[in-house]
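Report on one structure; see the data block that follows.
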Protein chains: 2
Amino acid sequence: MDERASWETVGEVLRGRGLRWTSQRQTVIDVLAASNGHITGSELVERCRALDAGTTPSTVYRTLDVLEDLGLVRHGHGADGREEFHVLPESRHGHLHCSSCGQTWEIDERRGEAVADVLRAGDGFEIDIGHVTLVGLCQQCADTARA
Amino acid sequence: MDERASWETVGEVLRGRGLRWTSQRQTVIDVLAASNGHITGSELVERCRALDAGTTPSTVYRTLDVLEDLGLVRHGHGADGREEFHVLPESRHGHLHCSSCGQTWEIDERRGEAVADVLRAGDGFEIDIGHVTLVGLCQQCADTARA
DNA sequence: ATTAATGCAAACGGTTTGCACTACT
DNA sequence: AGTAGTGCAAACCGTTTGCATTAAT
């Protein structure tokens, strides 16, 4: 009991809690495992549909809820405000989104810690760096803008 | 021409651009001027309706678009991903939202600069600190959680 | 008189819900 | 058999759009 959830053990963990292991959940897990660590709700739905054409949004979102309970994903919000899910296990990282070129980068743990330090030093705020996507201009676009 | 917009001069600036100064826009401006610097789209609609019961969402959102063109507001996204408008002129600041108690604080310019420095130092990313609301735990809630 | 702006109502996209049905345990 | 999970369709919320009408210039 009280097993740690991971992609391989989700099934058992679910069953251990009286929940069930279904092919739809399998599909969601497959897509999450193949994602690069973050994905929006609707992207997830699309990709699931690619694997299983019968995928329903409601099932996907409901599955995300239980996976969040298990600690396998955490939700946040992307640059445009849409729900975004961070796939665990992974280092707690944040995201940078360039509003000019549209690319997204990760903020590695070290740099995230530095940001957290600044805010903590200010007034003790414990930031959850992974909850939102920071927006701005990447070096390249910033340079272009200055030129 | 090329006038700088401000709450007092919006009317002239609009007219200078061939646009019009209407009572509905007046209402939106009134609400914005009375706001504490940030407000969501739907909040704005509500408050406008309080002043003028006939306020329509479409008009409010369309007005926000032109005000953004004039540089009087900038849009971003709040903790829950909803559109949030920052009212100018004001120092470029960010927001901190405590996911536990729900309160929101401002990140003053100095601290925002410090955060920007960290990211700029990392890879030259020019963050727009005002575009998103950072989420985490305020000191009080963080302490409670630790206890 | 022009044409920008409004109000309405409908459409949108992403997400959530109620409910009868299916299928894991 | 029991009940968690599903699929569907409809509802939701905030926001956007088309279009005929109103009103600022």
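Quick note on labels: first sequence line is chain A, next is B, and so on, each numbered from 1. Side chains are part of it too, since the values below use all heavy atoms of this structure and drop only hydrogens, waters and symmetry mates.
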| remark: To the nearest angstrom, the CD-P distance between A:Q26 and C:dA23 comes to 17 Å

| task | Please list all pairs passing the salt bridge (Lys or Arg N to Asp or Glu O under 4.0 Å) test where one or both residues lie in residues 62-72 of chain B, with sequence neighbours left out. | result | none

| remark: A:L64 CG to D:dG5 C1', in whole Å, measures 15 Å

| task | Determine the interplanar angle of the A:F85 and A:H75 rings, folded into 0 to 90°, and report it as parallel if under 30°, tilted if 30 to 60°, perpendicular if over 60°. | result | tilted

| Residues in side-chain contact (heavy atoms from CB on, under 4.5 Å) with A:Q140, at least two apart? | A:C138

| For A:R25 and C:dT25, what is the distance between atoms CZ and P respectively, to the nearest whole Å? | 10 Å

Between protein and nucleic acid, restricted to nucleotides 10-13 of chain C and to nitrogen or oxygen atoms under 3.5 Å apart, what atom pairs and distances do you find?
none

| Backbone N/O of B:T55 and side chain of B:T59: donor-acceptor pair under 3.5 Å | no

| request: Output all residues satisfying salt bridge (Lys or Arg N to Asp or Glu O under 4.0 Å) with A:E126, sequence neighbours left out; order by chain, then residue number. | output: A:R120

| Minimum heavy-atom separation for B:V87 to B:V73, with atom names? | CA-CG1, 4.5 Å

| field | OP1 or OP2 of C:dG7 under 4.0 Å from side-chain N/O of B:Q24 | value | yes

| said: Let's go through A:I39 and A:V31 carefully: what are the C-alpha distance in whole Å and the side-chain angles of both, what is the deciding distance for side chain to side chain contact (heavy atoms under 4.5 Å, CB included) to 0.1 Å, and is it a yes or a no? | reply: CA-CA 10 Å; A:I39 188 170; A:V31 172; 4.1 Å; yes

| task | Indicate for each nucleotide in nucleotides 16-25 of chain D, in 5' to 3' sequence, whether protein heavy atoms under 4.0 Å reach the base (B), only the sugar-phosphate (S), or nothing (-). | result | BBB----BBS

| task | Sorted by first residue and then second, give each salt bridge (Lys or Arg N to Asp or Glu O under 4.0 Å) pair with at least one member in residues 33-60 of chain B; sequence neighbours left out. | result | B:E43-B:R47

| note | Residues pairing under salt bridge (Lys or Arg N to Asp or Glu O under 4.0 Å) where one sits in residues 130-145 of chain B, two or more places apart or in two chains, turn out to be B:D143-B:R146

| note | By nearest-heavy-atom nucleotide on DNA chain C, the more 5' of B:T59 and B:G18 is B:G18

| In chain order, what residues pass the side-chain contact (heavy atoms from CB on, under 4.5 Å) check against B:L19, with sequence neighbours excluded? | B:L14, B:R17, B:R25

| Same hydrophobic cluster for A:V28 and A:L72, using side-chain heavy-atom links shorter than 4.5 Å among ILVMFWY? | yes

| query | What stem regions, each of at least 3 consecutive Watson-Crick or G-U pairs below 3.5 Å, can be found for DNA chain C? | reply | C:1-10 with D:16-25, C:12-14 with D:12-14, C:16-25 with D:1-10

| request: Evaluate the ring planes of B:H95 and B:H38, with Trp represented by its six-membered ring, and classify them as parallel (under 30°), tilted (30 to 60°) or perpendicular (over 60°). | output: tilted

| query | Could you state the NE2-P distance from B:H77 to D:dG14, rounded to the nearest angstrom? | reply | 15 Å

| field | Those residues of residues 44-52 of chain A lying under 4.0 Å from DNA chain C by at least one heavy atom | value | none

Throw together a table of side-chain donor-acceptor distances under 3.5 angstrom for residues 97-104 of chain A, partners on residues two or more places apart or in other chains.
residue	atom	partner	partner atom	Å
A:H97	ND1	A:T104	OG1	3.2
A:S99	OG	A:G136	O	3.2

